[in-house]
Amino acid sequence: MRETPEELAELQALLDASLPRSTSHLRSIIDTERTLTATRLTQVLTGMRVLALSTVTAKGEPRVSAVDGHFLHGKWHFGTARAAAKARHLAARPAVSAAHLRGEDLGVFTHGTAEILNPRDAEPDADWPELLAYFRDHYGGDAFDWENDVVYYRLRPHWMTVYAPDLAKLTAASSGS
């Protein structure tokens with residue numbers, strides 16, 4: 001868990017505000033008994049987690065692909081090749097949706113804006129050095145040409161909700177993964 005008390009409070013406020021703004025259908029499925037607190041969520045989302053990431057083409061057509069998601073500081077972080085279609089989509093239209101699913105045991109659904117952490121021709125984000133150290137440790141320092149091959153993003157959420165119907169089952173599965 002890398003979150004500061006302030007980041008946990010911000011994440012909890014987001015979770016608390018998102019569900020009431022959801023449809024009645026979603027609220028009938030996800031309630032206070034079937035969700036997680038910010039603290040629990042950061043304990044469950046450790047390491048790399050596969051995200052289904054949705055972007056939009058110039059014609060307004062949706063596209064979904066998988067990315068390696070890392071939940072750090074209460075937000076999703078992910079990367080892709082600089083030449084990937086999703087990198088072009090995000091450069092032009094940074095609105096994004098992401099879902100992390102673990103069978104029927106966990107669903108984390110997020111809508112927000114993708115922020116580039118390591119732009120090619122501009123100063124990197126202030127958090128980039130810490131995040132780069134994390135990614136190099138995770139993937140291996142020589143895995144990529146970190147400046148030219150890959151672009152990393154932070155998903156700044158404006159809506160996020162979590163479905164977790166059985167905390168005991170979920171935490172047992174997390175400790176074994």
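Keep in mind it's a predicted model, so treat the numbers as computed, not measured. Residue indices begin at 1 and follow the sequence shown.
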For Phe78 against Leu90, the heavy-atom pair lying closest together
CE1-CD1, 3.9 Å
May I ask you to test the Val44-Phe71 pair for a side-chain heavy-atom distance under 4.5 Å?
no
Compare all side-chain heavy atoms of Val108 with those of Trp76 and state whether any distance is below 4.5 angstrom.
yes
Okay, side chain of Arg154, backbone of Ala114: is any donor-acceptor separation there less than 3.5 Å?
no
To the closest 0.5 Å, what do you measure between OH (Tyr163) and CD1 (Ile30)?
8.0 Å
Hydrophobic clustering (ILVMFWY, side-chain heavy atoms < 4.5 Å, transitive) - are Leu117 and Leu53 grouped together?
no
Nearest 0.5 Å, what's the CD-CG distance between Glu115 and Asp127?
9.5 Å
The salt bridge (Lys or Arg N to Asp or Glu O under 4.0 Å) partners of Asp16 (sequence neighbours excluded) come to none
Under 3.5 Å, which donor-acceptor pairs do the side chains of residues 131-142 form with other protein atoms, sequence neighbours left out?
residue, atom, partner, partner atom, Å
Tyr134, OH, His70, ND1, 2.9
Tyr139, OH, Asp68, OD2, 2.6
Tyr139, OH, His70, NE2, 2.9

If the threshold is 4.0 Å, N to carboxylate O, is there a salt bridge linking Glu10 and Lys75?
yes
Answer whether the closest heavy-atom distance between the side chains of Leu15 and Thr35 falls below 4.5 Å.
no
Given 3.5 Å as the limit, does a donor-acceptor pair link the side chain of Arg120 with the main chain of Asn148, or not?
yes
Determine the minimum heavy-atom distance between Ser22 and Trp159, stating which atoms define it.
OG-CZ2, 3.2 Å
Are the side chain of His100 and the backbone N or O of Val50 linked by a donor-acceptor pair below 3.5 Å?
yes
Are any of the side-chain heavy atoms of Thr55 and Arg93 separated by less than 4.5 Å?
no
Which heavy atom of Pro129 sits nearest to which heavy atom of Asp125, and what is that distance?
CD-O, 3.9 Å
Calculate, to the nearest 0.5 Å, the distance between atoms CZ and OG1 belonging to Arg156 and Thr113 respectively.
9.0 Å
For Leu41 and Met160, work out which heavy atoms get closest and say how close.
CD2-SD, 4.2 Å
Indicate yes or no: at least one non-hydrogen side-chain atom of Phe109 is less than 4.5 angstrom from one of Leu101.
yes
Heavy-atom closest pair (Ala38 atom, Leu8 atom, distance to 0.1 Å) is CB-O, 3.6 Å
With rounding to the nearest 0.5 angstrom, report the NE2 to OG1 distance, His89 to Thr80.
11.0 Å
Rounded to the nearest 0.5 Å, how far apart are NZ of Lys169 and CZ of Arg102?
11.5 Å
Please indicate whether Glu33 has more than 12 foreign heavy atoms, meaning atoms of other residues, nucleotides or ligands, lying under 6.0 Å from its CD.
no
Nearest heavy-atom approach of Leu155 to His111 is CD2-C, 4.2 Å
Rounded to the nearest 0.5 angstrom, the CG-CD distance for Leu106 and Glu104 is 12.0 Å
So, do Val67 and Lys86 sit near enough that their side-chain heavy atoms are less than 4.5 Å apart?
yes
Arg82: salt bridge (Lys or Arg N to Asp or Glu O under 4.0 Å) partners, not counting sequence neighbours:
none
So, do Arg2 and Glu7 sit near enough that their side-chain heavy atoms are less than 4.5 Å apart?
no
